[in-house]
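Notes follow the structure.
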Amino acid sequence: WISGCFLDGMAATPPPPPPRPPPELVAEIPFNVRRGQAIFKKYCSQCHTFKTEGRGTIRGPNLFGVVGSNSGSKVKEWGGSFQRLEEFRVIWSKETLLLWLRR
């Protein structure tokens with residue numbers, strides 16, 4: 001469909017809109033970015049970094065880009081013991097990270 005296009009004297013109709021994405025399995029959780037940064041600084045930054053580049057610290061890998069990666073892959077890239085996390089066999093998503101952090 002092109003705006004203003006006519007086919008045999010009849011106006012072309014636009015295609016139907018794409019279907020809506022399915023609702024998330026987990027209800028949306030309101031996130032507070034500043035609170036998240038403070039929590040990361042207090043509980044995680046002793047061992048991890050969260051930067052677009054870099055390996056991480058001597059104690060833990062850089063967590064930038066962890067969402068969408070396989071469990072253990074960041075530790076493996078970093079050079080640490082990744083076998084236990086790899087056996088967890090998940091792809092990190094918002095939901096799996098929340099479950100992991102709550103345990």
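Ring pair Trp100/Phe88 is tilted by interplanar angle, where 30° to 60° counts as tilted.
Residue pairs that meet the ring-ring contact (aromatic ring centres under 6.0 Å, His included) test with at least one member in residues 57-82, sequence neighbours left out, are Phe50-Phe64.
Rounded to the nearest 0.5 angstrom, His48 NE2 and Lys74 NZ are separated by 12.0 Å. Rounded to the nearest 0.5 Å, atoms OG (Ser71) and CD (Glu86) are 7.5 Å apart. Ser45 contributes atom OG, which lies 11.0 Å from atom CZ of Arg59 (distance to the nearest 0.5 angstrom). Atom CD in Gln46 sits 10.5 Å away from atom NZ in Lys41 (nearest 0.5 Å).
The closest donor-acceptor contact from the side chain of Asn32 to the backbone of Arg35 lies under 3.5 Å. With hydrogens and angles ignored, the 3.5 Å screen pairs a side-chain donor or acceptor of Asn62 with a backbone N or O of Lys51.
Smallest separation of non-hydrogen atoms from Ser73 and Ser69: OG-CB, 3.5 Å.
Partners of Ser93 under the side chain to side chain donor-acceptor pair (under 3.5 Å) rule, at least two apart in sequence or in another chain, are Glu95, Thr96.
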Checklist entry - Run the side chain to side chain contact (heavy atoms under 4.5 Å, CB included) check on Thr49 and Phe40 step by step: do they pass? => result CA-CA 9 Å; Thr49 58; Phe40 185 87; 5.9 Å; no
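Residues Val66 and Leu85 share a single hydrophobic cluster, defined by chaining ILVMFWY side chains whose heavy atoms lie under 4.5 Å apart. Leu97 and Val90 fall within a single hydrophobic cluster, where Ile, Leu, Val, Met, Phe, Trp and Tyr are joined by side-chain heavy atoms under 4.5 Å apart, directly or via other members.
Residue Tyr43 belongs to a hydrophobic cluster whose other members are Ile39, with links defined by side-chain heavy atoms closer than 4.5 Å.
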